[in-house]
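Contents: one structure, followed by commentary.
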Amino acid sequence: MRALARINVTPVKGTALMHPDPVTVTSAGIAEDRRFYLVDERGALFSGSTFGPLVRIRSSYDPDDERLGLLFPDGTEIAGPADALGSLETTDYYGRAVPARVVEGPFREALAAYCGRPVRLLRCDRDGDGADVEPLTLVSYASVADLATRGEHADELDSRRFRITLELDGCPPYEEDTWQGRRVRVGDVTIRVGGQVPRCVVTTQDPDSGVKDWNTLTQIARLRQRIPGGGLPFGMYARVKTPGSIRVGAPVEPV
């Protein structure tokens with residue numbers, strides 16, 4: 001039986017994934033997911049594709065107390081109010097103009113020291129704006145296993161490297177691709193599956209260290225037909241049609 005196997009979110013884009021269970025899903029996706037992000041000194045998006053070791057930072061966010069925490073690899077923890085906001089900025093977010101505000105407090109200095117360059121922490125003005133394209137993404141464990149087998153990966157391929165929101169079990173490889181344009185029920189939530197996700201260099205990086213450890217993109221290019229325009233597809237986008245709460249183990253069924 002198809003089922004939801006894992007939920008992946010992170011408060012700050014590019015930092016380590018968390019696996020909450022259950023989660024509330026709104027029309028904008030999972031509200032706390034990627035609510036915050038970094039920009040460099042030019043105001044350009046700064047994420048895992050720019051600096052892989054961001055994934056070694058563990059971020060936490062309490063929406064009730066409006067408190068954000070960052071745990072660095074050396075054990076240093078920086079925490080402060082998540083709603084102490086400064087100037088409004090607009091970021092080019094993969095072709096979208098995303099309005100956000102600078103988060104004031106102790107974060108900038110610690111992040112700049114870790115990243116080795118000036119960076120600013122921003123908070124999206126609107127829920128869901130921190131998603132790359134659509135509010136949710138999904139992929140099956142079987143698809144990840146197939147890529148590993150056919151790509152002759154030495155051992156089990158860690159699916160976290162794809163940073164997909166909803167991971168599924170009980171599907172044959174790439175069944176999720178066949179759901180494009182269809183509605184799919186995940187527990188009490190109904191989503192509409194969109195197009196394929198074009199993958200980037202982050203998928204080549206170890207999900208714990210951010211260090212490149214496998215030629216993921218080369219293998220996808222060898223095994224999968226490119227998206228029109230040239231993208232390398234792995235996983236699917238989705239929008240929320242019926243909001244609700246979902247938890248690991250929830251049945252997944254095309255409508």
Side-chain angles (χ1 to χ4, degrees), residues 1-10 13-19 21 33-34 45-58 73 94 131-134 136-182 184 186 191 193-238 248-249 252 254:
M1 184 180 78
R2 304 181 196 89
L4 179 62
R6 184 161 62 183
I7 303 165
N8 299 313
V9 302
T10 182
K13 181 177 173 62
T15 62
L17 293 174
M18 303 168 57
H19 314 291
D21 182 37
D33 188 28
R34 296 166 174 82
L45 189 64
F46 186 88
S47 63
S49 58
T50 314
F51 184 67
L54 270 182
V55 78
R56 299 186 66 200
I57 301 174
R58 296 191 173 275
Y94 307 112
D132 289 356
V133 177
E134 299 289 2
L136 300 174
T137 52
L138 62 152
V139 76
S140 68
Y141 281 168
S143 300
V144 176
D146 181 76
L147 179 66
T149 299
R150 295 169 66 197
E152 299 182 348
H153 190 267
D155 48 23
E156 183 178 354
L157 186 63
D158 192 328
S159 58
R160 292 178 302 153
R161 72 176 56 236
F162 299 103
R163 300 184 70 85
I164 291 284
T165 322
L166 306 178
E167 297 184 349
L168 314 179
D169 205 358
C171 305
Y174 311 111
E175 182 183 16
E176 62 271 20
D177 290 11
T178 69
W179 298 341
Q180 184 168 351
R182 297 182 64 185
V184 174
V186 184
I191 62 177
V193 179
Q196 295 172 307
V197 180
R199 304 318 312 220
C200 71
V201 68
V202 168
T203 63
T204 69
Q205 299 167 356
D206 178 275
D208 289 318
S209 68
V211 174
K212 183 176 180 179
D213 68 344
W214 198 51
N215 58 348
T216 316
L217 296 178
T218 300
Q219 297 305 324
I220 295 174
R222 186 172 66 86
L223 300 171
R224 306 269 285 156
Q225 184 175 348
R226 288 179 179 265
I227 300 169
L232 298 171
F234 200 81
M236 302 296 287
Y237 289 120
V248 169
V252 176

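This is a predicted model, so every value here is computed, not measured.
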Considering all heavy atoms, the nearest [X]-[Y] contact:
| X | Y | value |
| --- | --- | --- |
| C171 | A142 | O-CB, 3.1 Å |
| G231 | P198 | CA-CB, 4.1 Å |
| A238 | I191 | CB-CD1, 3.9 Å |
| G151 | L223 | N-CD1, 4.2 Å |
| Q180 | G195 | NE2-CA, 3.7 Å |
| Q205 | G52 | OE1-CA, 3.6 Å |

Looking at [atom1] of [X] and [atom2] of [Y], how far apart are the two atoms once the value is rounded to the nearest 0.5 Å?
| X | Y | atom1 | atom2 | value |
| --- | --- | --- | --- | --- |
| E167 | E176 | CD | CD | 11.0 Å |
| Q219 | T149 | CD | OG1 | 11.5 Å |
| D177 | M236 | CG | CE | 5.0 Å |

Checklist entry - Stepwise, does the side chain to side chain contact (heavy atoms under 4.5 Å, CB included) test hold for R224 with L232? => result CA-CA 7 Å; R224 306 269 285 156; L232 298 171; over 6 Å; no
Would you confirm whether [X], through its side chain, and [Y], through its main-chain N or O, come within 3.5 Å as a donor-acceptor pair?
| X | Y | value |
| --- | --- | --- |
| R199 | G235 | no |
| R161 | T203 | yes |
| D146 | P173 | no |
| T10 | A16 | yes |
| H19 | N8 | no |

Next on the checklist: Could you tell me if T137 and T165 have a donor-acceptor pair between their side chains, going purely by distance under 3.5 Å?
Outcome noted: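 T165 vs T137: donor-acceptor pair found between side chains.
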Next on the checklist: Under a 3.5 Å threshold, yes or no: a donor from one side chain and an acceptor from the other, between E175 and S140?
Outcome noted: no
Checklist entry - Could you go step by step and tell me if I164 and F234 meet the side chain to side chain contact (heavy atoms under 4.5 Å, CB included) rule? => result CA-CA 10 Å; I164 291 284; F234 200 81; over 6 Å; no
Is the shortest heavy-atom distance from the side chain of [X] to the side chain of [Y] under 4.5 Å?
| X | Y | result |
| --- | --- | --- |
| I220 | P233 | yes |
| L4 | L168 | yes |
| R163 | V202 | yes |
| V193 | R182 | no |
| F162 | S143 | no |
| W214 | L157 | yes |
| K13 | L45 | yes |

Checklist entry - Hey, is D169 close enough to R6 for a salt bridge, meaning N to O under 4.0 Å? => result no
Checklist entry - Salt bridge check: are D132 and R34 linked by an N-O gap of less than 4.0 Å? => result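 No.
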